[in-house]
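Convention: sequence-line order gives letters A, B, ...; per-chain numbering from 1. Keep in mind that the numbers below use all heavy atoms, side chains included, and drop hydrogens, waters and symmetry copies.
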2 protein chains.
Amino acid sequence: MIDPEGPVPLYQQLAAILRERIRDGELRVDRPIPSILSLQQEFGLARGTVMHAVEVLRQDGLVYTVRGKGTFVARR
Amino acid sequence: MIDPEGPVPLYQQLAAILRERIRDGELRVDRPIPSILSLQQEFGLARGTVMHAVEVLRQDGLVYTVRGKGTFVARR
DNA sequence: GCCCATTTGTACGTATGTATG
DNA sequence: GCATACATACGTACAAATGGG
């Protein structure tokens, strides 16, 4: 999971975990990834930290976000 | 009323106000408390902040919510 | 059954303040 | 000073349930 003691920033650790889940097909194209709130609860992180991780994935083109609906795995 | 400058979070201040109104019988059992929108307007708060306050009361067992209808004072 | 207003629920975007290293 | 992280707060948008006409 996530190691709060380690040297890697938490938002980067979370981004890496989500990247894996996408690569492994656990999160599928055009299907939503878990919401900010549920990720927040699942990993015990603050909202801003989760947002930060999702922003990273968005900049990587791995996901796209529809406001008011959710964040989805991008086709590529 | 509510003190935006004070150290107490706004949602906690609002929760305290509603708790008083219930305790004082101003809001009665099985009668609805004001809607999110009207509380929002009455206190000049954002929707999320009001929702947060109501969640607190719900967890305290002071109110129960029926989606699409409203939030009501619990019997106890 | 259908539209519409009201109300709650969920979700994202952004901003600010505080604390830590 | 800066990056990271948390908590709070505002604003907006979409979804679901209720009830009236």
* Starting from P on D:dA5, measure out to CG on A:Leu39 and report it in whole angstrom. => 15 Å
* Any side-chain N or O of B:Thr71 less than 4.0 Å from the OP1 or OP2 oxygen of C:dT7? -> no
* Asked: Can you find a side chain N or O atom of A:Thr65 that sits less than 4.0 Å from OP1 or OP2 on C:dC12?
  -> no
* Asked: The side chain of A:His52 lies closest to which of these nucleotides: D:dT4, D:dA17, D:dT8?
  -> D:dT4
* Asked: Out of D:dG11, C:dT8, D:dC6, which has the shortest distance to the side chain of B:Ile36?
  -> C:dT8
* Spacing of A:Leu39 atom CG and A:Leu14 atom CG [to the nearest 0.5 Å] -> 6.0 Å
* Quick one: is D:dT4 close enough that its OP1 or OP2 comes under 4.0 Å of any side-chain N or O from A:Tyr11? -> yes
* Nearest-Å distance, CD1 (A:Ile33) to P (C:dA11)? -> 12 Å
* Go through D:dA7, C:dA11, D:dA15 for me and flag the one nearest to the A:Ser35 side chain. => C:dA11
* Please tell me which of the listed nucleotides, C:dG9, D:dC6, D:dT8, lies nearest to the side chain of A:Ala46? => D:dC6
* Starting from P on C:dT14, measure out to CZ on B:Arg47 and report it in whole angstrom. => 20 Å
* Asked: Are B:Lys69 and C:dT8 close enough that a side-chain N or O sits under 4.0 Å from OP1 or OP2?
  -> no
* Once you round it to whole Å, what is the distance between C1' of D:dA9 and CD of B:Glu5? -> 13 Å
* What integer distance in Å separates B:Ile2:CD1 from D:dA9:P? -> 9 Å
* Asked: Is any side-chain heavy atom of A:Val56 less than 4.5 Å from a side-chain heavy atom of A:Tyr11?
  -> yes
* Asked: Does A:Thr49 place a side-chain N or O at less than 4.0 Å from the phosphate oxygens OP1/OP2 of D:dA5?
  -> no
* **salt_bridge(A:Arg19, A:Glu26) N-O dist < 4.0 Å** => no
* Considering only D:dC6, C:dT14, C:dG9, which nucleotide approaches the side chain of B:Arg67 most closely? -> C:dG9
* Position toward the 5' end of DNA chain D (nearest nucleotide), B:Val8 or A:Val66 -> B:Val8
* Asked: In Å and rounded to the nearest 0.5 Å, what is the CD1 to OG1 distance from B:Ile36 to B:Thr65?
  -> 7.5 Å
* Structure fact -> Ranking C:dG9, D:dA9, D:dT4 by distance to the side chain of A:Pro9, first place goes to D:dT4
* Inter-residue atom distance A:Thr71.OG1 - A:Met51.CE, 0.5 Å rounding -> 8.0 Å
* To the nearest Å, how far apart are B:Leu10 CG and D:dA7 P? -> 17 Å
* Asked: Of the candidate nucleotides D:dT4, D:dC6, C:dG9, which contains the atom at the shortest distance from the side chain of A:Leu45?
  -> D:dC6
* Atom-pair distance (CE on B:Met51; C1' on D:dC14), nearest Å -> 14 Å
* To do: For B:Phe43 and D:dC10, give me the distance from atom CZ to atom C1', rounded to whole Å.
  => 17 Å
* Please determine if a side-chain N or O atom of B:Arg58 lies less than 4.0 Å away from the OP1 or OP2 oxygen of C:dG9. => yes
* Asked: Which is true for A:Gly70 with a 4.0 Å heavy-atom rule: it touches a base, it touches only sugar-phosphate, or it touches nothing?
  -> sugar-phosphate
* Can any side-chain N or O of B:Arg31 pair as donor or acceptor with the backbone N or O of B:Val73 at less than 3.5 Å? -> no
